[in-house]
Amino acid sequence: MKVKDKYLVALGDTDATGAIYYARYLYIFDRARIALYRETGLDLGIFNKMRAVAAYVEFKKVVTFGDVLDVYIWFCKLGNTSVKMCYEVYLGEALAARGYVVDVYTENGKPTPIPNEVREKIQKALEPEI
């Protein structure tokens, strides 16, 4: 299940060249992650137990102040203690960026198997990786 979120690029999102600052994509990904968890029926309290352990962004098109982005996110891989979320960011019809974030479920700061009720919701929403 892919979830779509919109993002309006603010002036503060850009760097001295006028393009979106590369690290802002991780912020945009995180905002979309909230939409994905909501649409999947996961309690947002789970964020207190999820820790990002990997992130990757590939830049395809320059994005500037005032651009409206369509952000697509989906669960693309489910492990024992981790879940990978894939992202595609579009500016109109053009792919502007894509990437992924891997979260690990933790208890007391240590990786722990994802609880069955959470796993079932993620499993139902899984889509292929990019």
Side-chain angles (χ1 to χ4, degrees):
M1 170 179 76
K2 289 186 180 181
V3 172
K4 180 181 175 183
D5 196 29
K6 288 223 178 258
Y7 187 79
L8 172 63
V9 178
L11 185 59
D13 292 328
T14 62
D15 61 18
T17 70
I20 192 169
Y21 181 63
Y22 71 93
R24 292 304 287 175
Y25 279 102
L26 294 177
Y27 172 77
I28 293 167
F29 286 4
D30 191 54
R31 284 176 39 105
R33 183 172 70 149
I34 293 168
L36 176 63
Y37 276 54
R38 278 193 175 136
E39 289 293 320
T40 308
L42 292 168
D43 184 328
L44 294 183
I46 195 171
F47 282 110
N48 295 324
K49 301 206 178 233
M50 302 301 278
R51 300 289 178 259
V53 296
Y56 173 79
V57 183
E58 189 177 318
F59 311 102
K60 298 293 194 177
K61 181 170 182 50
V62 175
V63 172
T64 59
F65 166 66
D67 286 341
V68 177
L69 304 175
D70 291 322
V71 183
Y72 294 89
I73 177 176
W74 64 99
F75 294 115
C76 55
K77 188 173 182 183
L78 179 59
N80 185 43
T81 62
S82 65
V83 62
K84 181 177 183 181
M85 292 155 289
C86 290
Y87 300 83
E88 289 180 337
V89 180
Y90 286 86
L91 177 57
E93 298 294 316
L95 180 64
R98 65 179 168 197
Y100 64 82
V101 174
V102 177
D103 279 350
V104 169
Y105 186 84
T106 63
E107 288 283 347
N108 299 317
K110 296 183 182 182
T112 305
I114 297 171
N116 286 337
E117 62 274 8
V118 173
R119 174 176 297 286
E120 288 171 7
K121 289 179 180 179
I122 293 171
Q123 186 72 44
K124 285 181 186 175
L126 273 177
E127 295 271 343
E129 289 191 58
I130 53 175

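Worth knowing before you read on, the calculation uses all heavy atoms, side chains too, and leaves out hydrogens, waters and symmetry mates. Heads up: numbering here begins at 1 and tracks the sequence.
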Point to revise | Inter-residue atom distance Lys61.NZ - Asp67.CG, 0.5 Å rounding | key: 8.5 Å
Study note, to complete from the structure: Scanning both residues in full, the closest heavy-atom pair of Ser82 with Val104 reads CB-CG2, 4.0 Å
Exercise for review: Following the transitive rule for hydrophobic clusters with a side-chain heavy-atom cut-off under 4.5 Å over Ile, Leu, Val, Met, Phe, Trp and Tyr, establish whether Val62 and Ile28 coincide in one cluster.
Suggested key: no
**Study point:** Verify same cluster id: Val71, Leu8 (apolar side-chain graph, 4.5 Å)
**Key:** no
Exercise for review: May I have all residue pairs that pass salt bridge (Lys or Arg N to Asp or Glu O under 4.0 Å) and include part of residues 21-32, sequence neighbours excluded?
Suggested key: Asp13-Arg24, Asp30-Arg33
Exercise for review: Please work out which of the three classes, parallel, tilted or perpendicular, describes the rings of Tyr37 and Phe47, given edges at 30° and 60°.
Suggested key: parallel
**Study point:** Residue pairs involving residues 107-122 (criterion salt bridge (Lys or Arg N to Asp or Glu O under 4.0 Å); sequence neighbours excluded)
**Key:** Lys49-Glu107
Check your understanding: When you check the gap from the basic side-chain N to the acidic O, do Asp103 and Arg51 get nearer than 4.0 Å?
Key -> no
Check your understanding: So if you build clusters from Ile, Leu, Val, Met, Phe, Trp, Tyr with side-chain heavy-atom gaps below 4.5 Å, do Tyr21 and Tyr87 land together?
Key -> yes
Point to revise | Salt bridge flag under 4.0 Å for residues Arg98 and Glu58 | key: yes
Point to revise | Spacing of Met85 atom CE and Phe29 atom CZ [to the nearest 0.5 Å] | key: 10.5 Å
Exercise for review: Name the orientation class of the two ring planes belonging to Phe59 and Tyr25 (parallel below 30°, tilted from 30 to 60°, perpendicular beyond 60°).
Suggested key: tilted
